[in-house]
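Take a look at the structure below.
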Amino acid sequence: MTSKVTIEYNDRVVRQFMIASVVFGVVAMLVGVLIASQLNYHELNLASWLTFGRLRPLHTNAAIFAFVGNMMFAGVYYSTQRLCKVRMGTDLLSAIHFWGWQLIIVAAAITLPLGLSRGQEYAELIWPINIAVALIWVVFAVNFFLTLHKRNEPSLYVALWFYIATIVTVAMLYIVNHLSIPTSWTHSYTIFAGVQNALVQWWYGHNAVAFFLTTPILGIMYYFMPKAAERPVYSYRLSIVHFWSLVFLYIWAGPHHLLNTALPKWLQMLGMFFSLMLWAPSWGGMLNGLLTLRGAWDKLRTDPVIKFFVAGVTFYGMSTFEGPLLSIRSVNALSHYSDWTIGHVHSGALGWNGFMAAGMFYYLAPRLWKTKLWSIPAANFHFWIGTFGILLYVVAMWISGVMQGLMLNATTPDGTALQYPAFLDTLQAIRPAMGFRIIGGAMYLVGFLVMVVNLTMTILSGTAYNETREITIDTGDEKDTMTWKETFQNDPVLYSFGALLLLCGWWFLPTGAATVSLICSVIFGWLSVVRFKAANKAWTHWYEKLLHNYLPFTVLTFVAVVIGGLIQLIPTVTVNRAKNIEDRLQKIYTPLELAGRDLYVSEGCYNCHSQMIRTMVPDVLRYGDYSRLGESIYDHPFQWGSKRTGPDLAREGKGPAKKSDSWHYKHLVDPRSMSPGSNMPPYAFLAEKTFDQKALPSKIAVMTRLGVPYPVMEAIEIKLNALQQGAEIAKRLADEGVAVTPDKQIVAVIAYLQKLGHYEVPEAAKPGPAPLTVPFPLTPGNPDNYRSAAVPQ
Amino acid sequence: MEVFAVTVFVSLAFAVLFAALFFAERSQRQRRSIDQDALLPLDEGSPGRSAESMDPVPVIVRPSTLRP
């Protein structure tokens, strides 16, 4: 039995999100070009709130959450209504979602330049904004699932699967990684420290790319590509394989951001192998997108929408080829901390996200304002200048990254000394490449601005239009009737879980049992193939039914993404800290050093300086023996970093790298006075402002709650302790000819920098198999050698 | 004449077969292929009454008709 209803879609919210995305896209790219220029022209660090360290988080947050976030919401709201053949859940929730999200972006744009930061990449926003993000995300989720609940089309199209995966996974990642204890209205400490923090952060950071920048855009690709090409997606069955393999595999790959560090080797290998496995689903998705154009390639010449989509999907393929490549440990030894990674993320952000956004906007604008696109030549100009801009940018970063990586890792022929011991020599070598990056980025921005003009003229030539459609509803269609027993008690689910359980046994059980587990998993896999051949219709029927039931589908998606996270995080996050210290234990920060550390974090120094000497010969030769996990065990947040625009600072306060207090003072005030050719921003303002003594007692109280073994101290003791240490530093500075009062921020930062690299060797530590001094002949360090030296506290 | 008879027979056989398959497909909605879901983005319904006078799909401007 059928009936007909007329539906007016809520296209107003789509228009709002689209305009917001375009506006914030301009902001994100402008800031991007500015900070790229600052790296070559330090004079552009014009004020404390315009330094590279503060603006880089603004750039990344604006690009991810404001530009791509708003674009994603526009695409989700437009396509979900049409795929479900129903208006969005409620207009109120749509409005709260839109205005709440913009408020969050404005709050971020104010707080980040003010130096209010949590100090973790893409997770810099302070805790009140974190809560707002979580709440608005819940509003979005409720609105979306309400739409699914009242849908008039029983079957969930593939684009909706990707949206479901995005919503549940981002919620999980965001909440776990932002768990913090506040010390004030604008400051908090993450509950994780050191290696635990590193693992959780990159579990989040990597999957922010996966589930914020990739899965929703894939959903958009699966909806808008067929619409623009006017033909269905190349293979729907391939999209099923694409979806489940992608959401299952992606979540495991986080540790590839921590390769060659002291992270347990099994986690590094797990991250690497799952990253390599991602090649298959990523390219399956790319080919599915591109082959959708079968028989319609002629449109590539005339339709700018198709042009942008094809280039965007191609960039997706290129960057998902490059990502696994960079996750191979030996390649990562060269690429990590270098501009190669920067090139990689920009081929994804500008090529994949930016071009998919442009294609979608060119598709939507005429439809949302019921008019024609103002200028196709302008859209073509945007396409070509944007493409050349990205290519120039990416190639420049490849050259820069490979060159600097090779120079930093180069040793003399006998392998006992560095060929380029001065870090600054490597910086000077890549300056031309960094210059070309500015040009490439600026070209992309020009193209984007042309799009802004084109869209503005298109909008002005039309009037806002909400599409109305007459829909035929088949009331006999079954939907949302699946029981939980049907959801879980069936061959596809049981065989998948069984095989995974046995594989986990292979990873975690002792040697003999692990082999048995592996053999069992192979037998189990073979049995599942036999079963599938015998009853493939039942498997297909079960999946078809699952597609008619959004809640069971959502639960199974959540289970698929949560497994990888649990297996990686639980062993390390719950393990006794003493097991992770290896043979060194960090000395806790004094109150003044803690104040200095918080300033280091808020100034965004981690954007350019790592604090992690990898288990590699060149790193050890340059910075000292590799960083043990125990050396950052009390760091809330960890500061291992992901890019070395400047040298590593893990041993800055100890050993051959140690410098005098006055060197640091002069270097901070005018970096080029001590390091000619440096591109570091000047921090003279730190010598004028006083550090926040009042906040120290609450900060130390929170640190104590988090397990840092501070002695019991009264608030007044804490403040006096800080001032006393400040006075000692001020005296040493005065002896070296520098006049400064003990309560200045620069004194606190110097105290912190001088503390870096200080550790204790626990009394009960047994001598590990590896020596503590640099061994000759040099071999790469292996952190697993120290596991037996773990000392219970 | 044999050729003529064979042609008529084969054509009729095909026509009957196609008709049978067509009606079988029509009557068995439950057995539809999962691949048919791929058509969902292209299934737009018909324009609603309030928008009857409007063209729902904008015409892409060709370069020759562009404004200066």
Side-chain angles (χ1 to χ4, degrees), chain A residues 4 6-8 79 82-83 85 153 155-160 222-227 230-237 239-240 292 302-305 365-367 369-378 380 457 461-462 465-472 474 476-478 540-541 543-544 547, chain B:
Chain A
K4 289 196 171 183
T6 302
I7 296 160
E8 185 187 348
S79 56
R82 283 150 178 87
L83 289 170
K85 295 177 179 165
E153 166 56 50
S155 194
L156 303 171
Y157 179 68
V158 55
L160 299 172
Y222 273 116
Y223 178 78
F224 286 96
M225 193 75 144
K227 293 289 283 184
E230 294 175 318
R231 60 204 59 224
V233 67
Y234 171 67
S235 167
Y236 204 64
R237 284 171 194 269
S239 72
I240 298 172
T292 298
T302 52
D303 188 349
V305 174
R367 287 163 173 83
W369 278 273
K370 196 153 181 61
T371 181
K372 296 170 184 173
L373 188 62
W374 181 65
S375 168
I376 286 185
N380 285 333
M457 298 307 288
S461 70
Y465 167 69
N466 292 340
E467 192 182 0
T468 307
R469 286 278 161 186
E470 194 173 72
I471 304 294
T472 306
D474 190 339
D477 279 332
E478 266 197 14
T540 308
H541 178 68
Y543 193 72
E544 279 180 15
L547 292 185
Chain B
M1 286 303 288
E2 282 177 7
V3 171
F4 181 72
V6 168
T7 306
V8 170
F9 173 75
V10 171
S11 301
L12 280 175
F14 273 127
V16 170
L17 181 67
F18 289 154
L21 289 174
F22 175 76
F23 287 109
E25 174 69 21
R26 287 268 299 177
S27 62
Q28 294 179 352
R29 286 180 58 85
Q30 294 304 315
R31 280 208 199 163
R32 66 177 201 158
S33 162
I34 200 168
D35 287 310
Q36 282 177 254
D37 277 1
L39 296 168
L40 281 174
L42 306 174
D43 177 17
E44 295 187 320
S46 52
R49 280 174 198 166
S50 61
E52 266 177 358
S53 60
M54 301 174 182
D55 175 12
V57 182
V59 179
I60 298 234
V61 186
R62 298 293 162 210
S64 56
T65 62
L66 288 170
R67 298 168 197 194

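Numbers restart at 1 for each chain; the letters A, B, ... are given by sequence-line order, proteins then strands.
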Closest heavy-atom pair and its distance - A:Pro232, B:Ala38:
CB-O, 3.6 Å

Find the distance between CZ (A:Arg82) and CG (B:Leu42) and round it off to the nearest 0.5 Å.
14.0 Å

Less than 4.5 Å to any heavy atom of chain B: does that hold for the side chain of A:Tyr222, its backbone, both, or neither?
backbone

State the CD1-CG distance between A:Ile471 and B:Asp43, to the nearest 0.5 angstrom.
7.0 Å

Identify the two heavy atoms, one from B:Asp37 and one from A:Tyr157, that lie closest to each other, and give their separation to 0.1 Å.
O-CD1, 3.3 Å

Non-hydrogen atoms of chain B under 4.5 Å away: do they reach the side chain of A:Lys85, the backbone, both or neither?
side chain

Heavy-atom count around A:Phe224 CZ within 6.0 Å, excluding the residue itself: above 12?
yes

What part of A:Ile240 lies closer than 4.5 angstrom to a heavy atom of chain B: side chain, backbone, both or neither?
side chain

